[in-house]
Amino acid sequence: MTVRVRFAPSPTGKLHVGNIRTTLANVLFAKKNKGTFVLRMEDTDTEREVQNAEQAMFRDLDWLDLTPDESPEKGGKYAPYRMSERAERGDYKKVVEHLMEIGRAYECFVTKDELALMRKIQRAAGKPPAYDGRHRNLTEEQKQKFMAEGKKPVIRFKFNDDEQANFKDLVRGDVSFEVKNLGGDPVIVRDNGVPLFTLAGVVDDINQKITHAIRGEDHVTNTAVQVQIFEALKAEVPTFAHMPMLTDIDGTKLSKRLDGLSIKELREGGYLPKAINSYLASLGFSTGVHIGSVEEIAQQFELDKMGRAPVRFDIEQLKRANAIILHDMEYKDVKPFIDGFIPENNLSTEKLEIFWKSIRENIELLTDIKEHFDICFGVFNGELLNEDDVSYIEQAVETLPHEPYTNDTWQKWMSELKQVSGRKGKSLFMPLRVALTGQQHGPELANLLPVMGEEVARNRLESALKK
RNA sequence: GUCCCCUUCGUCUAGUGGCCUAGGACGCUACCUUUUCACGGUGGAAACAGGGGUUCAAACCCCCUAGGGGAUACCA
């Protein structure tokens, strides 16, 4: 049996760290088991749909190197991959009719208001709010009467009340629910004829031969409900895996802040896909962050070792992973990601390579590049020179070597300045650092000097004198 | 309210009755290296939510309390 997994978002928002974590789990699980990763759009709720959300999701997944094997965009053996399209061709209708024939589905005319009232009463009595099955056995006459009143029915799935819903869960072990406290017969088709995800998800999983459903913990009760449907359809129940939710750093709530932490924002914030994937994949495990490509982290990925407790998302840890990756990244590898982070310029690739190499260990995020770029090539507001360093800098201007600059230019210049000025150690180089970069800290000047070039260096020294 | 799940260093966690003086990773910190910062190296501080049991012995088993998460839709 080939492993087939799916990520099934609804096009109602953007991808964020929470749902990327489950997507990633699907991808890693598929890769590790030489399986197939399917992307399915669950777009049955047209009211909540957001313009262009779908396209944005495709692009985010590509950027993260989590491109699905089968998707609405790519197609595949089990197309279409949008619920709306599958609804159009009658997939769900067929199943609903079948369920009604075998007595596992029925029309229900209870209105939303009546349901709300019922729940209110139940709650007040300290009972769990649940549909009480009052229209389970309507006669034809009763149905006609409701119709005549202008009421439109929903279709509910009929539970086997005294059964248990059991399923295998890779992270939680064997899970079992009493069907009787699942909330009563669930609606599977709205009064406008559109099926709900509860039903459609099951039908698609069957038709698309999904073997493992890896999703968030917020779906556990849904799963129990859906297990009943799988069984009623005499279909094999997939293996599940419910991952604990991500919480805020303070451990409370899956907050707006987190939901707001979209892939788009991380991208614009200077984070690399590799860092995001590596960090998210490490959450829930004891191994520490393995930094690697999707392919590499997939080999280490063991879903059954994942913890069951909610996990706090710590942006500092992500930042750290990002920094580690940046520190020994080659220019050619970082190049595809630096658009927008490095100002427009017509510097040669060679020069940019040297620049990158001399600053990479000093940055954590791609957004940090700009500051260093400005120091090397642009304008900066630096610290002022000390009074007693003025004459020293004048000596520096005089002795500044002419181009071409090489790796040992700085060395040679320093020996000369040492003799001329009689200075050494910190007092030798610190005034130069301040004059040249405007700061007391930064990458090695020996590396920076060839990057700047003679003209910039001379201008900097001279303008430092003028201040 | 009701049902499900969870609670070990700051963070992710190892740990399934004696190997725990509680281990690792990241962070933090000190020192070393370094003509700055960063990188790197070597050390260090740092946790069993609380209370009751059971046992010769409990982070591990049982009960209670507190706290957190999820669910409770004609959303997904």
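Note that this is a predicted model, so its numbers are computed, not measured. Chain identifiers are assigned alphabetically (A, B, ...) following the order of the sequence lines, protein sequences preceding nucleic acid strands; residue numbering begins at 1 within each chain.
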* Nucleotide C75(B), atom P - distance to CG of L199(A) in whole Å -> 13 Å
* Structure fact -> Looking only at U36(B), C3(B), A73(B), the nucleotide nearest the N181(A) side chain is C3(B)
* To do: Check every strand shown and say whether V171(A) touches a base, only sugar-phosphate, or nothing at a heavy-atom separation below 4.0 Å.
  => nothing
* To do: In whole angstrom, give the distance that lies between atom CG of D185(A) and atom P of C74(B).
  => 12 Å
* Closest approach of N26(A) to R6(A) (non-hydrogen atoms, all atoms of both residues) -> OD1-O, 3.3 Å
* Asked: What nucleotide among C74(B), U36(B), G69(B) has an atom nearest to a side-chain atom of R156(A)?
  -> C74(B)
* How would you label the contact of D218(A) with the nucleic acid (heavy atoms, under 4.0 Å): base, sugar-phosphate, or nothing? -> sugar-phosphate
* Just call it for P186(A): base, sugar-phosphate, or nothing, with non-hydrogen atoms closer than 4.0 Å on any strand. => nothing
* Structure fact -> Once base and sugar-phosphate atoms are separated, protein heavy atoms under 4.0 Å mark nucleotides 4-13 of chain B, 5' to 3', with B, S and - as SSSS--BBSS
* To do: Remember a base hit wins even if backbone is also touched, and classify G442(A) as base, sugar-phosphate or nothing at under 4.0 Å, heavy atoms.
  => base
* Asked: Heavy atoms under 4.0 Å, any strand shown: does R360(A) hit a base, just sugar-phosphate, or nothing?
  -> nothing
* **Atom-pair distance (CD on E47(A); P on C74(B)), nearest Å** => 13 Å
* Considering only A38(B), C75(B), G70(B), which nucleotide approaches the side chain of E361(A) most closely? -> A38(B)
* To do: Report yes or no: is there a donor-acceptor pair, N or O only, under 3.5 Å between the side chain of N222(A) and the base of A76(B)?
  => yes
* To do: Starting at atom CD of E178(A), determine the distance to atom P of U2(B), rounded to an integer number of angstrom.
  => 18 Å
* To do: Run the salt-bridge test on D60(A) and K14(A) with the 4.0 Å N-O cut-off and return the result as yes or no.
  => no
* Asked: Have Y279(A) and Q317(A) got a donor and an acceptor in their side chains that come within less than 3.5 Å?
  -> no
* **Basic-acidic side-chain contact under 4.0 Å: R423(A), D389(A)** => yes
* Does atom NZ of K357(A) have more than 12 heavy-atom neighbours from other groups under 6.0 Å away? -> no
* After noting the C-alpha distance and the side-chain angles of H242(A) and F167(A), does the key distance pass the ring pair (Phe, Tyr, Trp, His ring centres under 6.0 Å) rule? -> CA-CA 11 Å; H242(A) 292 95; F167(A) 59 92; 5.7 Å; yes
* Asked: Between L445(A) and P195(A), which has a closest nucleotide on RNA chain B that is more 5'?
  -> L445(A)
* Structure fact -> Checking R136(A), K180(A), R156(A) against D185(A) for salt bridge (Lys or Arg N to Asp or Glu O under 4.0 Å), the one that qualifies is R136(A)
* Asked: N362(A) near the nucleic acid: base, sugar-phosphate alone, or nothing, with a heavy-atom cut-off under 4.0 Å?
  -> base
* In whole angstrom, what separates E444(A)'s CD from G40(B)'s C1'? -> 13 Å
* Roughly, in whole Å, what's the span from NE2 in H327(A) to P in C26(B)? -> 13 Å
